[in-house]
Number of protein chains: 2
Amino acid sequence: MSPASTLSRESAQESILRSADQLFYERGIAGVGMADVRDSAGVSLRRLYSLHPSKSDLVAAWLEDRHQTWMRWFADSVDRQVVDGVEPVRAILGAIEEWATSPGYRGCAFLNAIAETTEIDDRHRAIVADHKRALIQHVSVVVHGAYPSAPEWFASALGVLIDGAVVDSAVFGSLAPIADASSAASTLVDSFT
Amino acid sequence: MSPASTLSRESAQESILRSADQLFYERGIAGVGMADVRDSAGVSLRRLYSLHPSKSDLVAAWLEDRHQTWMRWFADSVDRQVVDGVEPVRAILGAIEEWATSPGYRGCAFLNAIAETTEIDDRHRAIVADHKRALIQHVSVVVHGAYPSAPEWFASALGVLIDGAVVDSAVFGSLAPIADASSAASTLVDSFT
DNA sequence: TTGCGGTGAGAACGATAGTTCTCTATGGTG
DNA sequence: CACCATAGAGAACTATCGTTCTCACCGCAA
């Protein structure tokens with residue numbers, strides 16, 4: 001086995017990704033050095049680089065990981081509320097509100113990452129675009145199941161409302177944009193039925 | 001007078017702000033060094049620092065300047081379309097579309113700046129929040145003038161739709177989110193009348 | 001004419017950070 | 001037991017960048 005002071009490959013990987021998530025989300029990608037990740041994860045720089053050969057690779061791994069985690073959480077939150085009898089479209093914005101209320105909320109990590117990306121890092125851009133597509137896809141399933149008469153563009157428009165609400169709530173440090181988005185979404189649903 | 005090779009204080013200031021706008025918007029704040037601004041503006045580092053004592057000051061001056069410029073452009077674009085008979089709410093999203101179609105479009109400079117801001121630079125945050133408030137204020141005047149029966153939250157919701165459309169169009173490199181936002185906004189207006 | 005203030009050009013300084021390298025130790029395998 | 005791949009600790013290398021400093025120059029006022 002490994003020495004007591006070192007972690008297995010899996011534990012190290014997990015610890016690195018958890019630390020990367022905390023640090024990158026809280027302080028931004030540029031605001032976090034590899035040494036910070038090393039300190040927080042409790043691994044050596046050597047190990048960090050052996051698992052993620054560059055910072056760009058680490059960021060990509062982090063985004064992929066966060067995509068999985070966040071989508072799972074979002075889907076669960078929406079499902080939970082719908083089961084409790086909340087209107088689907090309200091449940092979607094309710095999940096966003098729940099997220100925005102959590103401590104340390106700093107908006108969407110993916111959008112922040114894109115805004116920070118200075119050079120043309122196509123890999124990161126692609127991950128973010130895929131994340132947004134997956135979000136709209138999920139919203140689309142929920143919404144067109146619940147409101148069959150909704151027009152084609154409704155799921156995409158909800159995606160726009162979600163991203164706008166997330167961004168604005170972070171800018172203003174307020175839940176009001178989410179409430180406004182929720183009102184708008186509900187009004188749209190009412191207009192279809 | 002100044003020597004031929006040097007610019008007046010005003011010309012230098014103008015040149016610096018124009019260069020800062022191009023560079024910061026195109027490559028992000030962190031991606032631009034003071035030396036880059038110097039080269040592009042054609043002034044010396046000494047002069048650059050005498051007009052803007054730190055990079056943070058320069059960024060603040062740039063954001064203030066861009067706020068003025070952008071708001072003026074936006075208001076004009078909306079007015080122009082309304083005069084041409086375009087529905088006000090369509091005109092608002094039309095202005096966003098016109099912007100997003102312009103070469104070098106990289107989303108909202110203010111939102112990008114916020115996302116990049118790692119430490120708590122309250123000055124920059126405040127400028128961005130003021131910009132968004134001013135945008136919503138303008139939208140509010142236009143919209144509540146044109147649709148008196150619109151509910152209180154409508155202008156704010158339009159602000160959310162605008163920011164979402166801006167962000168998503170930059171992420172996807174597509175005008176589709178703007179069209180979706182426009183459809184949603186028009187449908188909302190129809191539902192009030 | 002002689003300083004003085006402001007300027008350009010660019011070197012220099014100090015800090016930070018991505019990445020690699022050295023040295024040492026440890027545990028599994030032949 | 002000896003060997004080797006791998007790990008930790010941290011120094012070292014290299015590059016970038018914000019900021020300041022040096023030196024030379026020029027126009028203007030006393």
Side-chain angles (χ1 to χ4, degrees), chain A residues 1-20 22-63 113 116-121 123-124, chain B residues 1-17 19-20 22-24 26-63 113 116-121 123-124:
Chain A
M1 290 296 291
S2 306
S5 63
T6 71
L7 305 98
S8 73
R9 186 184 182 85
E10 295 76 30
S11 308
Q13 185 65 277
E14 218 175 298
S15 174
I16 288 170
L17 287 178
R18 194 167 39 225
S19 298
Q22 286 176 209
L23 293 171
F24 285 146
Y25 183 61
E26 180 180 337
R27 319 214 299 246
I29 295 172
V32 174
M34 295 298 270
D36 298 321
V37 177
R38 171 202 59 188
D39 293 341
S40 170
V43 301
S44 65
L45 267 185
R46 189 192 183 88
R47 175 98 99 148
L48 181 49
Y49 273 91
S50 81
L51 292 171
H52 305 281
S54 73
K55 186 179 182 180
S56 175
D57 289 323
L58 175 60
V59 169
W62 162 57
L63 290 174
E116 250 190 282
T117 295
T118 152
E119 84 269 9
I120 304 130
D121 197 326
R123 199 166 32 143
H124 299 169
Chain B
M1 291 296 293
S2 307
S5 63
T6 71
L7 304 99
S8 73
R9 187 183 180 85
E10 295 75 31
S11 307
Q13 185 66 277
E14 215 176 301
S15 175
I16 288 169
L17 286 178
S19 298
Q22 285 177 208
L23 293 170
F24 285 147
E26 180 180 337
R27 318 211 302 245
I29 295 173
V32 174
M34 295 298 269
D36 298 323
V37 177
R38 173 201 59 187
D39 293 343
S40 170
V43 301
S44 65
L45 266 187
R46 189 189 184 90
R47 176 98 99 146
L48 181 49
Y49 272 92
S50 81
L51 292 171
H52 304 281
S54 73
K55 186 179 182 179
S56 175
D57 289 322
L58 175 60
V59 169
W62 163 56
L63 290 175
E116 250 191 281
T117 295
T118 151
E119 85 268 10
I120 304 129
D121 198 326
R123 200 165 32 141
H124 298 169

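Note: hydrogens, waters and symmetry copies are ignored here, and every other heavy atom, side chains too, is used. Keep in mind that what you see is a predicted model, and the values were worked out from it rather than measured. Here is how names work: the chains are called A, B, and so on, in the same order as the sequence lines, proteins then strands, and each is numbered from 1.
Between Lys55(A) and Ile29(A) there is a side-chain heavy-atom pair separated by less than 4.5 Å.
A straight line from OH of Tyr49(A) to C1' of dC13(D) spans 13 Å, rounded to a whole angstrom. For Leu45(A) and dA7(D), the CG to P distance is 14 Å, given to the nearest whole Å. Here the C1' atom of nucleotide dT20(C) and the CE atom of Met34(A) are 12 Å apart, to the nearest Å. Residue Asp39(B) contributes atom CG, which lies 12 Å from atom C1' of dA9(C) at whole-angstrom precision. Spacing between atom CG of Leu58(A) and atom C1' of dT19(C) amounts to 14 Å, rounded to whole angstrom units. Regarding Gln13(A), its CD atom lies at a distance of 16 Å from the P atom of dT6(D), rounded to whole Å. As a whole-Å value, the separation of His52(B) NE2 from dG18(D) C1' is 15 Å. In this structure, the CG atom of Asp36(A) is 9 Å from the C1' atom of dA17(C), given to the nearest Å.
Taking the side-chain hydrogen bond (donor to acceptor under 3.5 Å, both in side chains) definition, one finds that Asp39(B) meets it with nothing, sequence neighbours left out.
Not a single donor-acceptor pair, N or O on each side, falls under 3.5 Å between the base of dT19(D) and the side chain of Arg46(B).
For the 3.5 Å distance criterion, the side chains of Gln13(A) and His52(A) qualify, holding a donor opposite an acceptor.
With the nearest nucleotide of DNA chain D identified for both Ile29(B) and Ser50(A), Ser50(A) has the one nearer the 5' end.
If you check every strand for non-hydrogen atoms under 4.0 Å, Val37(B) touches nothing.
Of the listed nucleotides (dA7(D), dA9(C), dT19(C)), dA9(C) has the atom at the smallest distance from the side chain of Ser44(B).
Phosphate proximity of dT6(D) to Arg47(A): absent, as no side-chain N or O sits under 4.0 Å from OP1 or OP2.
A distance-only check finds no donor-acceptor pair linking the side chain of Glu116(A) to the backbone of Gly28(A) [under 3.5 Å].
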